[in-house]
Amino acid sequence: MHAWETDRTRAPIATKIVVAGGFGVGKTTLVTAVSEITPLQTEALMTEASEATDDLTATPGKTTTTVAMDFGRLTLDDDLVLYLFGTPGQQRFWFMWDDIVRGAIGAVVLADTRRLKDCFPVLDYFESSGLPYVVAVNHFDGSELFEPEDVREALTIPKHIPVMIMDARRRISVIETLLALVGHALDETPE
Amino acid sequence: MSSTPKQHLPVRGGDRKPARVRPYSLTGGRTRFGHVLLVETFVASTAALDAPEERRELTNGSLSTRVMPELRAIVELCRRMRTVAEIAALLKMPLGVVRVLLSDLADQGKIRVYGTGTGHGTGRPDRALLERVLSGLRRL
Ligand SMILES: Nc1nc2c(ncn2[C@@H]2O[C@H](COP(=O)(O)OP(=O)(O)OP(=O)(O)O)[C@@H](O)[C@H]2O)c(=O)[nH]1
Ligand SMILES: [Mg+2]
């Protein structure tokens, strides 16, 4: 237990990083690898547009659904706490993202080269939202190992955005990924 | 530098029309008195620690606390510093519902809402904060 948890006279500074990517790409694994608490899961209740439509303004049939999101925590200093939020990457959950990414340092977009297309909508989202992001290829044992530049080319990622090959199960690898993101966010933030 | 991707990684933007994306929205998530309730926003109960009257007041209290045991559960959790997301997770309640209840509790003065690392809670973290996060991560 950290001292800040029981001191109600002042709150630590809270900041967050979003971990996004397709189904089963390793979001929960990544969060678990570095979190100081057992990751917690929360559900966002939302209205879902029926059919695979991207257009949220014209929704003939709407259904209510819940989307699971998990989060972990890293106390970085007496008064500084970093949260990691793992969020589903499906296009129809974008309206939840707007809420989650608000105020975030940036996003780690997780990709699996065997199902690279799964991260296309996630990339489209972050590109248009202007939130700083890095691309982290979670390399699964036994799958072909690609060079970061091959992935960059396939995903048409601009040169200044870090693309890395990592292992979501390894703490060191995850910390390196987070460092790359925060460094990149710093580069993108005006003096 | 590599020439062409080996195997065949699918190329983004190849066969699709560009997806329609909503602009990054900065609305919502505010309490009546302007508190911002992001998922990582800290809240804590305003009652003195170990105050017995807190329990009594909350059990016999206003209509809203009697009909909503969730409110009591939230105040109870908030005897410690909690985030919005943590409360939702621990009480197994949807985030949106927790936000509404927290916003009521804040308006009633039962919980205090603290600011986040983004200052007013709407923009991005500033350089000073990013530097601190970097050095914190390096120390891990
Ligand atoms: N070999 C290997 N397995 C991994 C790696 N990362 C995740 N896995 C496994 O892949 C499966 C999916 O990982 P999760 O972390 O649950 O993925 P997720 O993105 O949270 O999945 P959803 O929340 O269901 O979308 C789990 O069984 C993990 O143990 C990895 O780097 N290498
Ligand atoms: Mg998961």
Side-chain angles (χ1 to χ4, degrees), chain A residues 4-8 11-16 40-45 54-56 66 71 74 76-77 80 82-83 85 91 94-95 98-103 105 113 116-117 120-121 123-125 128-131 144 146-147 149-151 153-156 175 178-179 182-183 185-186 189 191, chain B residues 1-2 4-7 9-13 16 18-26 28-29 38-42 44-45 49 79-81 83 85-86 88-90 92-97 112 114-118 121-127 129-134 136-140:
Chain A
W4 63 260
E5 292 184 61
T6 47
D7 180 4
R8 289 188 306 174
I13 297 165
T15 187
K16 71 185 161 193
L40 291 168
Q41 198 174 76
T42 177
E43 297 202 322
L45 192 66
D54 295 346
D55 190 349
L56 297 168
T66 56
F71 65 96
L74 279 163
L76 297 180
D77 210 340
L80 180 60
L82 173 66
Y83 285 87
F85 284 91
Q91 227 157 310
W94 272 338
F95 35 116
D98 280 347
D99 201 37
I100 304 302
V101 306
R102 188 171 153 209
I105 289 174
T113 48
L116 201 59
K117 279 184 173 170
F120 289 1
L123 287 170
D124 292 344
Y125 176 86
S128 68
S129 75
L131 191 79
E144 185 174 355
F146 289 90
E147 293 298 321
E149 289 315 309
D150 295 339
V151 177
E153 200 174 315
L155 294 177
T156 62
I175 291 172
L178 298 179
L179 280 168
V182 182
L186 194 58
T189 310
E191 302 268 351
Chain B
M1 272 268 109
S2 59
T4 49
K6 359 172 223 183
Q7 275 284 14
L9 286 172
V11 175
R12 181 164 66 113
R16 314 156 307 139
R20 214 176 304 192
V21 175
R22 296 206 319 168
Y24 186 46
S25 89
L26 292 175
L38 303 180
V39 278
E40 76 278 23
T41 298
F42 277 111
S45 150
L49 277 176
R79 293 164 79 86
R80 205 195 269 184
M81 199 59 79
T83 55
E86 198 183 358
L90 294 173
K92 303 197 185 334
M93 287 163 65
L95 267 173
V97 174
R112 180 166 167 203
Y114 294 83
T116 62
T118 48
T122 49
R124 295 277 176 67
D126 62 15
R127 292 185 64 90
L129 177 58
L130 294 173
E131 302 272 14
R132 284 200 67 196
V133 173
L134 268 184
L137 285 171
R138 287 199 191 103
R139 264 183 271 117
L140 288 176

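A, B, ... follow the sequence lines: proteins, then strands. Residue 1 opens every chain. FYI, side chains are in, hydrogens and waters are out, and symmetry mates aren't considered; it's all heavy atoms of this structure.
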Winner by heavy-atom pair count (cut-off under 4.5 Å) against chain B, out of A/Val182, A/Leu40, A/Leu186, A/Thr42:
A/Leu186
Interface check, chain B: of A/Ile13, A/Thr189, A/Thr113, most non-hydrogen pairs under 4.5 Å belong to A/Thr189
With heavy-atom distances below 4.5 Å as the criterion, would you say the side chains of [X] and [Y] are in contact?
{"X": "A/Leu155", "Y": "B/Leu9", "result": "no"}
{"X": "A/Asp124", "Y": "B/Arg12", "result": "yes"}
{"X": "B/Val39", "Y": "A/Phe85", "result": "yes"}

Chain A shares the most heavy-atom pairs under 4.5 Å, among B/Asp126, B/Thr83, B/Leu90, B/Leu130, with B/Leu130
Check step by step if side chain to side chain contact (heavy atoms under 4.5 Å, CB included) holds for B/Glu40 and A/Thr15.
CA-CA 7 Å; B/Glu40 76 278 23; A/Thr15 187; over 6 Å; no
Check each atom of [X] against the heavy atoms of chain A and say whether the ones under 4.5 Å are side chain, backbone, both or neither.
{"X": "B/Arg139", "answer": "side chain"}
{"X": "B/Arg138", "answer": "both"}
{"X": "B/Thr41", "answer": "neither"}

Chain B contact via [X] - which portion, at a heavy-atom distance below 4.5 Å:
{"X": "A/Leu74", "result": "side chain"}
{"X": "A/Glu5", "result": "both"}
{"X": "A/Leu179", "result": "both"}
{"X": "A/Leu82", "result": "side chain"}

Which value, rounded to the nearest 0.5 Å, describes the distance between [X] atom [atom1] and [Y] atom [atom2]?
{"X": "A/Ile175", "Y": "B/Leu140", "atom1": "CD1", "atom2": "CG", "value": "4.5 Å"}
{"X": "A/Asp77", "Y": "B/Arg132", "atom1": "CG", "atom2": "CZ", "value": "4.5 Å"}
{"X": "A/Arg8", "Y": "B/Phe42", "atom1": "CZ", "atom2": "CZ", "value": "14.5 Å"}

Which atom pair, heavy atoms only, marks the closest approach of A/Ala154 to B/Pro10?
CB-O, 3.5 Å
Could you pull out the closest heavy-atom pair between A/Ile105 and B/Pro125, with the gap in Å?
CG1-CG, 3.7 Å
Contacts of A/Asp7 that satisfy salt bridge (Lys or Arg N to Asp or Glu O under 4.0 Å) - sequence neighbours left out:
A/Arg10
